[in-house]
**Q** 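Could you have a look at this structure, given as structure tokens, before my questions?
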Amino acid sequence: MSVVAGRYRLEREVGRGGMGAVWLARDEVLGRAVAVKRLGLAPPSGAAAGATGVDLARAEREARLAAMLNHPHVVAVFDLVVEDDQQWLVMEHVPSLTLAGLVHRDGPLGPARSAALLAQVADALAVAHEAGIVHRDVKPSNLLVTDDDHVKITDFGIARAQADASLTATGLVTGSPAYLAPEAASGRAATPASDVWSLGATLFHALAGHPPYDVGDNVVGALYRIVHEDPPRLDPARAGWLAPVLEATMATDPAQRWSAARVREVLLGGPAALAGRAAAEAPATAVLARPPVPAASPGTTTAAAPTATAEQPPGAAAASRRPVLLVLAALVVVLLGAGLVALLDGGGEGTPAASPSSGPAGGGDGSPTPEPSGSPEPPPPTAEEMEEFVEDYLDTVTEDPASTWERLTPAFQDASGGFGDYEGFWSTVRDARLREVTADPATLTVDYTVEYRTERGGRTTDQVRLTLAQVDGELLIADEG
């Protein structure tokens with residue numbers, strides 16, 4: 001038996017994966033069992049980073065990210081050492097089976113056990129997303145399950161903070177094909193919503209006993225199906241009450257997927273967590289992967305996000321309906337006015353229509369018909385006004401999300417999942433600092449760069465495009481892309 005770094009005595013190999021072999025070892029200094037992952041050779045001093053350089057960067061990344069999270073459902077990383085040009089990652093030893101091994105041994109799991117296991121994964125992902133970390137390779141073989149059904153996520157080696165693209169080349173697909181989200185399978189950058197898809201695909205595997213896609217040797221064919229075909233669905237008898245969760249996580253459009261935090265709350269709450277929404281919502285409720293403006297959808301770590309009608313601030317619901325009511329009222333006035341004019345004119349053909357330029361038109365009794373009233377259309381906003389709107393929005397939203405919520409159009413409020421989700425996100429952000437902003441009055445779009453500081457001290461930068469709308473002379477946020 002060999003000893004690594006003078007303290008980690010290797011006992012036996014317990015696993016092997018794409019990033020290297022994993023050994024059970026004993027820490028001779030602290031007297032405890034550890035798992036040691038052997039990676040590729042370290043690059044020579046001063047050498048250009050090649051494949052081995054990437055391995056080392058991934059190992060360092062896994063250590064940093066695991067240390068950042070410090071979560072009960074994430075495998076802890078203790079040390080990263082290099083000895084004789086060999087890299088070793090020292091981790092918490094978790095006596096366990098992977099979820100893939102558990103399903104292989106026991107067969108498909110029922111809804112109750114699947115929900116209990118995957119709720120723990122959703123909890124860890126919600127915290128990771130809040131910290132700006134996307135795992136990018138959530139799958140059954142990366143989930144360790146102990147004898148008492150405690151779950152830990154491992155292998156953050158290809159995970160990255162959202163603002164850091166250092167390990168991602170354009171067009172590079174990273175992750176396991178059978179569990180990849182459509183946007184990641186097509187080569188686009190992974191987001192928290194991509195992790196949610198992979199979480200749903202893993203739930204599918206637990207319930208069905210097999211992956212949602214049969215990859216085999218035809219990886220390209222599998223990627224094509226993921227991108228271009230409708231997501232696979234389980235027989236309702238097999239999925240049980242979790243069928244809506246599968247639909248809400250494995251939705252082709254990332255904007256239609258639930259956040260990891262909401263998945264966690266539903267899995268923990270069981271069928272009762274869905275019953276209150278069943279009458280008013282489709283099974284896959286439209287919830288943005290991130291609330292308007294920020295890049296991440298870190299999700300909340302407290303209660304399940306309520307609907308807008310349940311937790312909007314006083315007057316918010318009425319405010320969101322006000323533009324619609326004004327339009328309907330104006331339409332009724334116009335229709336009634338048109339009918340009255342027709343009655344007074346006697347319905348005769350050839351009668352000139354009243355208009356501001358033709359002067360007053362006589363009614364049946366000779367009295368003039370009043371001129372149509374109405375306020376003139378407000379001028380379109382200038383680029384400066386649009387930029388000031390965004391600047392004021394970001395300055396206000398972290399302190400008073402109730403007031404900025406009313407700066408969203410009613411349609412975008414609905415698409416954003418309601419005030420509960422919106423407020424839940426912004427409660428995790430300490431401040432949002434505008435770095436660059438450019439507005440285009442012709443298209444009513446604003447492009448800007450913003451830096452977020454979270455309550456936990458993390459930082460992330462995002463590039464955002466907002467589409468604005470002018471309603472009753474007031475600018476509102478109508479869409480985000």
Side-chain angles (χ1 to χ4, degrees), residues 61-62 64-77 118-138 143 151-154 156 158-165 181 189-200 248-249 254-255 257-268 287-306 311 394 397-399 401 416-433 450-464 480:
R61 181 180 303 277
E62 183 164 357
R64 289 197 307 270
L65 295 177
M68 285 174 58
L69 292 175
N70 190 25
H71 191 278
H73 298 299
V74 175
V75 173
V77 174
L118 272 299
Q120 301 172 60
V121 182
D123 185 42
L125 289 177
V127 174
H129 294 169
E130 182 180 346
I133 298 169
V134 183
H135 188 284
R136 301 166 74 212
D137 198 21
V138 177
L143 306 180
V151 183
K152 285 180 177 280
I153 305 179
T154 189
F156 272 80
I158 63 172
R160 67 179 178 87
Q162 290 179 326
D164 178 7
T191 68
S194 308
D195 277 353
V196 170
W197 169 286
S198 299
L199 177 63
T249 52
R257 296 174 205 152
W258 289 351
S259 67
R262 183 168 180 187
V263 176
R264 175 194 59 202
E265 302 305 336
V266 170
L267 293 180
L268 289 174
V287 176
L288 291 180
R290 54 182 180 171
V293 176
S297 187
T300 61
T301 56
T302 55
E311 284 206 14
L394 294 176
V397 66
T398 55
E399 299 294 331
S416 300
F419 180 71
D421 283 359
Y422 178 84
E423 184 184 39
F425 169 79
W426 283 112
S427 67
T428 69
V429 178
R430 181 178 300 172
D431 61 56
R433 301 183 180 183
V450 60
E451 179 186 274
Y452 304 108
R453 288 198 309 164
T454 69
E455 292 294 343
R456 297 190 175 199
R459 292 176 184 266
T460 184
T461 303
D462 191 24
Q463 287 75 45
V464 181
E480 175 200 14

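As a basis for the values below, the full set of heavy atoms in this structure was taken, side chains included, without hydrogen atoms, waters or symmetry mates. This is a predicted model, so every value here is computed, not measured.
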**Q** Check the pair Asp123 / His71 against side chain to side chain contact (heavy atoms under 4.5 Å, CB included), numbers first and verdict last.
**A** CA-CA 9 Å; Asp123 185 42; His71 191 278; 3.2 Å; yes
**Q** So, using side chain to side chain contact (heavy atoms under 4.5 Å, CB included) as the criterion, who are the partners of Ala181 when residues are at least two apart?
**A** Glu183, Ser194, Trp197, Arg257
**Q** Are the side chain of His73 and the backbone N or O of Val151 linked by a donor-acceptor pair below 3.5 Å?
**A** yes
**Q** For the backbone of Arg433 and the side chain of Glu451, can you confirm whether one donor and one acceptor N or O come within less than 3.5 Å of each other?
**A** no
**Q** Run His129 and Ile133 through side chain to side chain contact (heavy atoms under 4.5 Å, CB included) and show every step you take.
**A** CA-CA 5 Å; His129 294 169; Ile133 298 169; over 6 Å; no
**Q** Please give me the minimum heavy-atom distance between Leu267 and Ala119, naming the atom from each residue.
**A** CD1-N, 3.5 Å
**Q** Is there a donor-acceptor contact under 3.5 Å from the side chain of Lys152 to the main chain of Leu143?
**A** no
**Q** Can you see which heavy atom on Ala260 is nearest to which on Ala126, and at what distance?
**A** CB-N, 3.8 Å
**Q** Can you see which heavy atom on Trp258 is nearest to which on Val196, and at what distance?
**A** O-CG1, 3.3 Å
**Q** Restricting to non-hydrogen atoms, name the atom on Thr249 and the atom on Gly200 that form the minimum distance, rounded to 0.1 Å.
**A** OG1-CA, 3.3 Å
**Q** Minimum heavy-atom separation for Leu69 and Ala131, please, with both atom names.
**A** CD2-CB, 4.5 Å
**Q** Can you tell me if His135 uses its side chain to pair, donor with acceptor, with the backbone of Thr154 under 3.5 Å?
**A** yes
**Q** Report yes or no: does Asp195 contribute a side-chain atom to a donor-acceptor pair with the main-chain N or O of Val134 at less than 3.5 Å?
**A** no
**Q** Of the non-hydrogen atoms in Val74 and Ala124, which two are nearest, and what is the gap between them?
**A** CG2-CB, 3.9 Å
**Q** Pair Val138, Ile153 - check side chain to side chain contact (heavy atoms under 4.5 Å, CB included), show working.
**A** CA-CA 8 Å; Val138 177; Ile153 305 179; 5.6 Å; no
